[in-house]
Every structure is written in structure tokens, then in C-alpha cells.
*Asks:* 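Sharing a structure here in C-alpha cells format.
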Number of protein chains: 2
Amino acid sequence: MPNPRTNPNFMNGVPELLVLKLLAEREMYGYEVVQAVRRRTGETITLGEGVIYPVLHGLEREGALNSRRQTVNGRSRIYYSITAAGMRRLSDLTGSWTRLTMAIQDVVAGGKYVPTV
Amino acid sequence: MPNPRTNPNFMNGVPELLVLKLLAEREMYGYEVVQAVRRRTGETITLGEGVIYPVLHGLEREGALNSRRQTVNGRSRIYYSITAAGMRRLSDLTGSWTRLTMAIQDVVAGGKYVPTV
DNA sequence: CTTGCATACCTCGAACTGATTGGTATATAT
DNA sequence: ATATATACCAATCAGTTCGAGGTATGCAAG
């Protein structure tokens, strides 16, 4: 019997989740997102541009984000904002992320109270 | 300037964490671990034999686990138990896992209180 | 004035996990 | 006799993220 495939790539999609969440709070441009991730996670997580930009492009292609171009101080920025579809996606990702970490947390925290009874 | 590489493969090592934790509670054999993961996570996470066995072998090779062979009902089982080194590894993994998920949780939960000030 | 650094965008291949598939073998139930 | 559950294992596939590259502008320091 093959494996019952309940969780294809169960730990992925975290960069996507973080990007969507940050853009749900306010419009940002790519380079700004890179730094926001670092700051907001207290330097715990650093996602480089090589991670953020592809995520941004992918989400836009799926219709989860809109972009608009703007030049500031001679530098061209691309501002991204979240769409209704993006909000739905964020909601889904947040749900599965929560379920997953709680399941793991249960195991990791378990065995302390030792329900040996 | 290259990316500051603070988190190489930041979301990995969860299978290893789960296996170590379960074996810290009690000695188990491979096939048993596969089912224990499913049960203990409320069917949320299913790690197939193709994931568990390599993890087991790797951990043993690193000295995090000991194994002993035993035949039960004509079937050969390999029981794994955690070593002192394994306990240290578990402690490390648990720590970084906790730090990581808390950092993400902060972002995901944030933006509600809107510290716009 | 040119060297360097921060900003700002981007792509592509390497590396690493974890997923899937397939294989062996025994016991038990149908 | 066949199928199912137990029990082990290896090897390749697939998907993500990482890292290193590349372009270009503005500003500050020497």
C-alpha cells in the first residue's frame, strides 16, 4: 500500500504567508518587504531578495496581489497591495499553518504530564 | 552585498524533531513511529515510512539513537531509544523550532493592535 | 572624481528536504 | 489462494529555498 498522502510538502509556504500578511497590513515594495520580514521577526527570519521577489511575482500572477510602479528619488519602486483573492489565500494559509504548528506543539509539549494512569 | 544568511533552511528538521520527541517518551520501532506521528498529531501530519526510516538511520549514525533488534511473532523489529546526545539534539531542535514559530506567530497575529503611533 | 555603500530591481542554478514509489518478507484473516 | 496488515529498506522524483550573480541609481567619503 502506498503512503496515504495527507500532507504534500507540509512545512512550506511560510514565505508566502509572511508576505501576504505584511501586505495585508499595508502596501509595500519588494525591498521594503525584505527588511520588514527581518524587523518583524526580530532578526529571527531573514528572507533574501532571491526568495521575496519570486514570491511577489507568483502571487501577482495568481491574482493575489496588485502592483503599481512609482519612482521615488530617481529609484523605481514597485508597490504591491493585496487583493480580495489574496485575502482569502492569506486566510487559508493562516488556518493550515495554525493547525500544523498546533499539532506539532502538542507532540513537543506532550509527555510532560505523563498520563501514565 | 550578499544576503546575510541567518537561517539556512529555516523550516526544516520537523520530522527529526517529532521522531526524537516520541523516542524520548519511550522506545519504539520504526513502523510504530510512523503510526505514532499520525495518531499524536490527530491525523494532521502523516510521515510515511520513506521519511521515517531515513531519519531513524541518520539519527543513529549521528549517535542520537541506539537500536536493538528483536523478533516478535516471527517479525523482526528494530527498537530505537534516545541517547544523551539525542536528548541534547532534541533540546536544540525544540528551542529553535519554538523561537521560529513564535517569530512567525508574532507577524501573523500582529497588525491587530496597529501600533501606528 | 572615483570608490564604495545603500537602495532597488531581477534571474538562475545549486542544494537540500521530504514525497513517492517500489521492493522484500512474514503472519493472519477471508 | 488471496488479500491485508505488519515490518523493514532503498532510490529516485519533486518542490522550495538559498545563494550567487547581474543591472542601475543616488549619496557620502576620501
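Below, chain A is the first sequence line, B the second, and so on; all start at residue 1. What's counted below: heavy atoms across the whole structure, side chains too, no hydrogens, waters or symmetry copies.
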*Asks:* Select base, sugar-phosphate, or nothing to describe what A:Pro15 touches, counting heavy atoms under 4.0 Å on all strands.
*Replies:* sugar-phosphate
*Asks:* Taking distance alone, no hydrogens or angles, what donor-acceptor pairs closer than 3.5 Å link side-chain atoms of residues 53-61 of chain A to residues at least two apart or in another chain?
*Replies:*
unit_1	atom_1	unit_2	atom_2	d
A:Glu60	OE2	A:Ser67	OG	2.6

*Asks:* Got a sec, which residues hit salt bridge (Lys or Arg N to Asp or Glu O under 4.0 Å) with A:Arg26, two or more places apart in sequence or on another chain?
*Replies:* A:Glu32
*Asks:* Grab the two heavy atoms, one from B:Lys21 and one from B:Leu90, that are nearest each other, plus how far apart they are.
*Replies:* N-CD1, 3.9 Å
*Asks:* Specify the separation, in whole Å, of atom CD of A:Gln35 and atom P of C:dA6.
*Replies:* 11 Å
*Asks:* To the nearest Å, give me how far apart CD (A:Glu49) and C1' (C:dT11) are.
*Replies:* 12 Å
*Asks:* Does OP1 or OP2 of C:dT11 have a side-chain N or O of A:His57 closer than 4.0 Å?
*Replies:* yes
*Asks:* D:dC8, OP1 or OP2 - any side-chain N/O from B:Tyr31 closer than 4.0 Å?
*Replies:* no
*Asks:* Please report the distance, rounded to the nearest Å, between OH in A:Tyr53 and C1' in D:dT23.
*Replies:* 12 Å
*Asks:* Just the rounded figure in Å: distance from C1' of D:dT17 to CG of A:Leu18.
*Replies:* 13 Å
*Asks:* For B:Glu16 and C:dC16, give me the distance from atom CD to atom C1', rounded to whole Å.
*Replies:* 13 Å
*Asks:* Can you find a side chain N or O atom of A:Tyr29 that sits less than 4.0 Å from OP1 or OP2 on C:dA8?
*Replies:* yes
*Asks:* Using a strict heavy-atom distance below 4.0 Å, which residues from residues 61-78 of chain B are in contact with DNA chain D?
*Replies:* B:Arg75, B:Ser76, B:Arg77, B:Ile78
*Asks:* Could you tell me how far apart A:Leu56 (CG) and C:dA8 (P) are, to the nearest whole angstrom?
*Replies:* 14 Å
*Asks:* Could you please name the option among D:dC9, C:dG18, C:dT11 that lies closest to any side-chain atom of A:Pro54?
*Replies:* C:dT11
*Asks:* Among pairs that include at least one residue of residues 64-85 of chain B, which meet salt bridge (charged side-chain N to carboxylate O under 4.0 Å, His left out), considering only residues two or more places apart or in two chains?
*Replies:* B:Glu27-B:Arg68
*Asks:* Please state how far atom CG in B:Leu17 lies from atom P in C:dT17, giving the value in whole angstrom units.
*Replies:* 15 Å
*Asks:* Test of understanding: with ring-ring contact (aromatic ring centres under 6.0 Å, His included), list the residues that count as partners of A:Tyr29, not counting sequence neighbours.
*Replies:* A:Tyr79
*Asks:* Nearest 0.5 angstrom please: A:Ile104 CD1 to B:Thr94 OG1, how far?
*Replies:* 11.5 Å
*Asks:* Please state how far atom CG in B:Asn12 lies from atom P in C:dG18, giving the value in whole angstrom units.
*Replies:* 5 Å
*Asks:* Could you tell me which residues satisfy side chain to side chain contact (heavy atoms under 4.5 Å, CB included) with B:Asp92, sequence neighbours excluded, listed by chain and number?
*Replies:* none
